[in-house]
Amino acid sequence: MIKILIVEDQTMLRNSLEYLINGQNDMEVVGTVDDAAKAPGLCRELQPDLVLMDVVTKNNTTGIHASGIHFTADIRKEFPDIKIVIMTGLPEITFVEEARRAGAHSFVYKEMDNEHLFHVIRTTMKGYSIYSGSSDHMPFAASFTEKEIAVIRLVCKGMARDEIAKKMNVSESMIKQYITSILDKTGFDSISKFAIYAVGQGLVAPDIH
């Protein structure tokens, strides 16, 4: 029996996942929570085999978003045997690589069908990784460098070029080069227009901490 902890802040989806997973003969939901910050404590208490982790959850203490990816890294350090499947409905350009760096075993999008989710859970428990559908959801991500992504994030937070240069500890001329490269790759004629597009399409979620 695969013991699963669900971390999801949308009540209807969380309840639906619990119902569907408990309907499988080889799976059991041992706990659910709406705040990723509470996941490590529940792992200590419930000892799940696998955590189904949403990327963006509401932190009930601070009121800001709590990153499931951040707490994935915490869980992996403390509980190396627990498998983690990251799930998201946002095509944010950094989520896939951040999930890999955090140690998530698999990564899926919420629009997948039920059978695919069950397949990902079972396959992950067997020691395999599935990072599904990333190229379809992130039209520009494959061509951005790590520095360019950092610039995009800071522009989407409303920072000016000189502020970005100071934050990244590089010259303003270097930031200008990064911006020129970003515009060449995306076809936009200004970084402000691309920032508006990126946030509007969910390619960047600047308010996630």
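The first residue of the sequence shown is numbered 1, and numbering continues consecutively from there.
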Which atom pair, heavy atoms only, marks the closest approach of [X] to [Y]?
{"X": "Ala36", "Y": "Gly68", "value": "CB-CA, 3.9 Å"}
{"X": "Val120", "Y": "Thr124", "value": "O-OG1, 2.7 Å"}
{"X": "Tyr131", "Y": "Ser106", "value": "CE1-CA, 3.9 Å"}
{"X": "Leu183", "Y": "Ile191", "value": "CD2-N, 3.6 Å"}
{"X": "Val155", "Y": "Ala195", "value": "CG1-CB, 3.7 Å"}
{"X": "Phe107", "Y": "Ala99", "value": "CD1-CB, 3.7 Å"}

Measuring from atom [atom1] of [X] to atom [atom2] of [Y], what distance do you get when rounded to the nearest 0.5 angstrom?
{"X": "Gln47", "Y": "Leu42", "atom1": "CD", "atom2": "CG", "answer": "11.0 Å"}
{"X": "Asp35", "Y": "Asp54", "atom1": "CG", "atom2": "CG", "answer": "11.0 Å"}
{"X": "Ile6", "Y": "Asn15", "atom1": "CD1", "atom2": "CG", "answer": "9.0 Å"}
{"X": "His119", "Y": "Asp113", "atom1": "NE2", "atom2": "CG", "answer": "11.0 Å"}
{"X": "Tyr178", "Y": "Ile152", "atom1": "OH", "atom2": "CD1", "answer": "12.5 Å"}

Any side-chain heavy-atom pair from [X] and [Y] closer than 4.5 angstrom?
{"X": "Lys83", "Y": "Val51", "answer": "no"}
{"X": "Asn22", "Y": "Met27", "answer": "no"}
{"X": "Leu50", "Y": "Ile84", "answer": "no"}
{"X": "Val7", "Y": "Leu52", "answer": "no"}
{"X": "Lys185", "Y": "Glu148", "answer": "yes"}
{"X": "Ile69", "Y": "Ile86", "answer": "yes"}
{"X": "His105", "Y": "Arg76", "answer": "yes"}
{"X": "Met53", "Y": "Met87", "answer": "no"}

Does Glu78 have any side-chain contact (heavy atoms from CB on, under 4.5 Å) partners at least two apart in sequence or in another chain, and if so, which?
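Applying side-chain contact (heavy atoms from CB on, under 4.5 Å) to Glu78 gives Arg44.
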Between [X] and [Y], does at least one N-O distance fall below 4.0 Å, as a salt bridge requires?
{"X": "Asp26", "Y": "Arg122", "value": "yes"}
{"X": "Asp162", "Y": "Lys166", "value": "no"}
{"X": "Asp9", "Y": "Arg14", "value": "no"}

As a quick check of understanding, evaluate side-chain hydrogen bond (donor to acceptor under 3.5 Å, both in side chains) for Ser192 and Ser190, giving each step before the final call.
CA-CA 5 Å; Ser192 298; Ser190 82; 4.9 Å; no
Using distance alone, with no hydrogens and no angle criterion, decide if Thr32 and Glu8 have a side-chain donor and acceptor under 3.5 Å apart.
no
Between Phe188 and Tyr197, how do the two ring planes meet: parallel, tilted or perpendicular, split at 30° and 60°?
tilted
